[in-house]
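Here the structure comes first, spelled out in structure tokens, and everything after it is commentary.
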Amino acid sequence: MRNTAKLTTAVLAAGALTFGLAACGSENGSAGSTDTSGPLVVAASPTPHAEILNYVKDNLAKKAGLDLEVKEFTDYVTPNTATEDGSVDANYFQNQPYLDDFNKKNGTHIVPVVTVHLEPLGLYSHTVKSADALKSGATVAVPNDSVNEARALKLLAANGIITLKDGVGNEATPADITKNPKNLKFKELEAAQTPRSLDDVDAAVINGNYAIEADLSPAEDALVLESATDNPYGNFLAVKDGNEDDPRVKKLAKLLTSDEVKKFIEDKYDGSVIPSF
């Protein structure tokens, strides 16, 4: 986690453990807090989520009467557990298939508020210039969480690199590959580790936010890239069920889907992050 974060992942992870062991918060899944007088604290991945939030904080929030505080996290677990146990008020880092899977597996009650952007998933390599140039037996790193692994495999399948079983959904694993002409081997890693694996594997499927953090340009560097058309993986602002009507959340949702934020995303990320509103 970056030094700029004001609350460490370790601290919130401890809170998440308490939540997991003692069911911190209400047992019926209702919102853990109704106090809306303080700042709205939002957990976010550093890039692009926290950057977008900080643009709102620095340029739009004061005029809208919103006191916004941004906490950065580099993993895909703590933002949801922290939102569930009330350590933060909201989060901005994930897509619907990931959230559905997370809620099901962890008994959490996180719900989306508004979709803001898409980060196309891409295949990257330090050794080859095209997917066709991957050699037989090449090793490809993929995210190890179930939704992003399935998304990675579907990206490879959509580009003819592998073939998956008909009808396979968001739980696809390498076991669902029916054709693998290049005999690719798959190395499952935490999503945040995939960019660092590029010196050790032949290629890696990397989430857009982690690609950008690693100075990779999805629009220019990816060997293959997800299409934005009818893509279900838009990233959204999310809260614990019952907190959707928090007036601070409503203000932030409106600002995140404003013309100013759309222009900021388009200008800053040049196609590597795409507005979804």
Side-chain angles (χ1 to χ4, degrees), residues 1-5 8-10 13 44-51 72-79 93-95 98 118-164 172-177 179-227 233 235 268-274:
M1 181 178 177
R2 295 185 177 182
N3 292 332
T4 55
T8 66
T9 297
S45 298
T47 306
H49 309 80
E51 293 174 347
E72 296 184 10
F73 298 91
T74 58
D75 71 285
Y76 284 169
V77 175
T78 314
F93 77 100
Q94 65 191 320
N95 57 57
Y98 179 84
L118 171 71
E119 303 159 22
L121 197 74
L123 177 69
Y124 300 84
S125 176
H126 282 173
T127 59
V128 298
K129 300 292 187 182
S130 70
D132 291 340
L134 285 170
K135 296 180 180 179
S136 179
T139 298
V140 178
V142 294
N144 65 0
D145 64 272
S146 58
V147 170
N148 280 307
E149 181 172 55
R151 186 180 174 189
L153 295 175
K154 288 192 285 185
L155 170 68
L156 299 179
N159 288 275
I161 299 169
I162 60 172
T163 302
L164 293 171
T173 71
D176 296 305
I177 296 173
K179 294 182 181 179
N180 185 1
K182 290 182 176 290
N183 296 310
L184 299 177
K185 300 174 183 177
F186 295 94
K187 186 173 184 178
E188 297 167 310
L189 300 172
E190 184 181 349
Q193 303 299 318
T194 52
R196 301 175 206 167
S197 75
L198 284 172
D199 290 331
D200 302 314
V201 299
D202 299 288
V205 180
I206 304 175
N207 291 74
N209 60 312
Y210 292 131
I212 296 167
E213 286 179 30
D215 293 324
L216 295 167
S217 169
E220 297 178 4
D221 297 328
L223 306 183
V224 297
L225 192 66
E226 272 183 332
S227 170
Y233 296 105
N235 284 207
K268 182 173 180 62
Y269 301 108
D270 194 25
S272 295
V273 178
I274 303 168

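These figures come from a predicted structure and were not determined experimentally. By convention here, the first residue in the shown sequence is residue 1.
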Task: Closest approach of Ala44 to His49 (non-hydrogen atoms, all atoms of both residues) - done: CB-CB, 3.9 Å
TODO: Mind listing the closest non-hydrogen atom pair of Ile274 and Pro120 along with its distance?
DONE: CD1-CG, 4.0 Å
Task: Spacing of Thr194 atom OG1 and Arg196 atom CZ [to the nearest 0.5 Å] - done: 9.0 Å
Open item on the list: The criterion is side-chain hydrogen bond (donor to acceptor under 3.5 Å, both in side chains); which residues satisfy it with Gln94, sequence neighbours excluded?
Closed with: Asn80, Asn91
Task: Worked check of side chain to side chain contact (heavy atoms under 4.5 Å, CB included) between Leu123 and Ile161 - done: CA-CA 11 Å; Leu123 177 69; Ile161 299 169; 4.1 Å; yes
- [ ] Enter the distance from Lys185:NZ to Asn180:CG here, rounded to the nearest 0.5 Å.
- [x] 11.0 Å
Open item on the list: In the structure I gave you, are the side-chain heavy atoms of Pro218 and Glu226 within less than 4.5 Å of one another anywhere?
Closed with: no
Task: Listed partners of Glu119 passing salt bridge (charged side-chain N to carboxylate O under 4.0 Å, His left out), at least two apart - done: none
Open item on the list: To the closest 0.5 Å, what do you measure between OG1 (Thr163) and CG (Asp176)?
Closed with: 12.5 Å
- [ ] Please determine which of Asn148, Leu153, Val142 meets the side-chain contact (heavy atoms from CB on, under 4.5 Å) test together with Val205.
- [x] Val142
Open item on the list: Please give me the minimum heavy-atom distance between Asn235 and Phe93, naming the atom from each residue.
Closed with: OD1-O, 3.2 Å
Open item on the list: Give me the atom names and distance for the closest heavy-atom approach of Ala191 to Asn144.
Closed with: N-OD1, 4.4 Å
TODO: Taking the side chain as every heavy atom from C-beta outward, state whether Pro195 and Glu213 have any atom pair closer than 4.5 Å.
DONE: no
Open item on the list: Could you tell me if the side chain of Val273 sits less than 4.5 Å from the side chain of Lys268, heavy atoms only?
Closed with: no
- [ ] Report the C-alpha separation of Leu164 and Ile177 in whole Å, then their side-chain angles, then the decisive distance to 0.1 Å, and conclude whether the side chain to side chain contact (heavy atoms under 4.5 Å, CB included) test is met.
- [x] CA-CA 4 Å; Leu164 293 171; Ile177 296 173; 3.8 Å; yes
Open item on the list: Measuring centre to centre across the rings, with the benzene-like ring taken for any Trp, is Tyr210 within less than 6.0 Å of Tyr76?
Closed with: yes
Task: Asp270, CG: over 12 other non-hydrogen atoms inside 6.0 angstrom - done: no
Open item on the list: Rounded at 0.5 Å granularity, tell me how far CG in Asp202 sits from CG in Leu134.
Closed with: 6.5 Å
Open item on the list: So which atom in Ala204 and which in Leu198 form the shortest heavy-atom distance, rounded to 0.1 Å?
Closed with: CB-CD2, 3.7 Å
TODO: Output the distance between atom CG (Asn207) and atom OG1 (Thr47), rounded to the nearest 0.5 Å.
DONE: 13.0 Å
Task: Pairs satisfying salt bridge (Lys or Arg N to Asp or Glu O under 4.0 Å), at least one member in residues 129-149, at least two apart - done: none
- [ ] State the CG-OH distance between Leu121 and Tyr233, to the nearest 0.5 angstrom.
- [x] 8.5 Å
TODO: Work out which heavy atom in Leu189 is nearest to a heavy atom in Ala141; give both atom names and the distance.
DONE: CD1-CB, 3.9 Å
